[in-house]
K.L.:
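Just passing along the structure, written as structure tokens.
Fair warning: this is a prediction, and the values are worked out from it, not measured in the lab.
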Amino acid sequence: GRQSLTRLSAHIEEHELVSIQDSKGYTYYDWREDLKRVLFLTGIDAKDTTFLFTDTQIRMEAFLEDINNLLNTGEVANLFMPDELEKIAADMRVLLQASGLPTNKMALHAHFIS
């Protein structure tokens, strides 16, 4: 069905397919770590990525709130710790400098979430 078509489409387009490893002990912390992984793949590694998330994987309403925020604003509030934000900024600064783009804070943020 739809999951098979999504997997096929991701393969045809040479996208990295990411799906959460849903298990009985899957927690909100695990969810946020999976979101971080997806954002690092797309933002810093610049890999075309397909995130496969099904209705059966919705364990908490907060999952949907995070997806909604990600779709509407490109980010999830308080997802990254300060040290992770510093690493993101450093990695993005190198990428933007290599592309000849400005490396101010606004440009780093805009490029990461785009």
K.L.:
Salt-bridge test for E84 and K87: reply yes if a basic N is under 4.0 Å from a carboxylate O, no otherwise.
P.N.:
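Salt bridge: no.
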
K.L.:
With sequence neighbours left out, write down each residue that passes side-chain contact (heavy atoms from CB on, under 4.5 Å) with H109, or none if nothing qualifies.
P.N.:
E75, I113

K.L.:
To check you understand the geometry: which heavy-atom pair defines the closest contact between P102 and A107, and what is its length?
P.N.:
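Minimum heavy-atom contact is O-CB, 3.4 Å.
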
K.L.:
So do R32 and Y29 actually touch side chain to side chain, heavy atoms under 4.5 Å?
P.N.:
no

K.L.:
Could you check if a side-chain atom of L95 sits within less than 4.5 angstrom of a side-chain atom of M92, using non-hydrogen atoms only?
P.N.:
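Contact flag for L95/M92 side chains = yes.
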
K.L.:
Measure the shortest side-chain to side-chain distance between F80 and L39 over non-hydrogen atoms and say whether it is less than 4.5 angstrom.
P.N.:
yes

K.L.:
Between the side chains of D66 and Y28, is a donor N or O closer than 3.5 angstrom to an acceptor N or O?
P.N.:
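D66 vs Y28: donor-acceptor pair found between side chains.
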
K.L.:
Taking L64's backbone N and O only, do any of them form a donor-acceptor pair with N68's side chain (distance below 3.5 Å, no angle check)?
P.N.:
no

K.L.:
Identify every side-chain donor-acceptor pair in residues 8-21 under 3.5 Å, counting partners at least two apart or on other chains, and give the distances.
P.N.:
unit_1, atom_1, unit_2, atom_2, d
S9, OG, L5, O, 2.8
H15, ND1, T50, OG1, 3.0
S19, OG, L52, O, 3.2

K.L.:
Does one hydrophobic cluster hold both L85 and M106, with members joined at side-chain heavy-atom distances below 4.5 Å?
P.N.:
no

K.L.:
Is there a side-chain contact between F40 and I88 (heavy atoms, below 4.5 Å)?
P.N.:
yes

K.L.:
Which atoms form the tightest heavy-atom contact between Y26 and D34, and what is the distance?
P.N.:
OH-OD2, 2.5 Å

K.L.:
Do the side chains of V76 and M81 join up, straight or via other hydrophobic residues, at under 4.5 Å, putting them in one cluster?
P.N.:
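V76 and M81: separate clusters.
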
K.L.:
Give a yes or no on whether N78 atom CG has more than 12 heavy-atom contacts from other residues, nucleotides or ligands under 6.0 Å away.
P.N.:
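Not more than 12 within 6.0 Å, no.
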
K.L.:
Looking at OG of S23 and CD of Q57, how far apart are the two atoms once the value is rounded to the nearest 0.5 Å?
P.N.:
10.5 Å

K.L.:
Can you measure from OG1 (T103) to NE2 (H111) and round to the nearest 0.5 angstrom?
P.N.:
12.0 Å

K.L.:
Evaluate the criterion side chain to side chain contact (heavy atoms under 4.5 Å, CB included) for residue pair F51 and L41; output intermediate values, then yes/no.
P.N.:
CA-CA 11 Å; F51 181 56; L41 273 174; over 6 Å; no

K.L.:
How long is the span from the NZ atom in K105 to the CG atom in L108, to the nearest 0.5 Å?
P.N.:
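Answer for the NZ-CG pair, K105 versus L108, is 9.5 Å.
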
K.L.:
Would you say M60 and I58 are hydrophobically clustered, going by side-chain heavy atoms of ILVMFWY under 4.5 Å?
P.N.:
yes

K.L.:
Applying side chain to side chain contact (heavy atoms under 4.5 Å, CB included) to W31 and I67, what does each step give before you reach the verdict?
P.N.:
CA-CA 11 Å; W31 164 253; I67 290 291; 3.7 Å; yes

K.L.:
Do T42 and K47 have side chains that approach each other closer than 4.5 Å (heavy atoms only, starting at C-beta)?
P.N.:
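Result no, sub-4.5 Å side-chain heavy-atom pair not found.
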
K.L.:
Using modelled atom types only, decide if a donor and an acceptor are shared between the side chain of Q97 and the backbone of V94 within a distance under 3.5 Å.
P.N.:
no

K.L.:
Would you indicate whether the side-chain heavy atoms of F112 and D91 approach each other to under 4.5 Å?
P.N.:
no

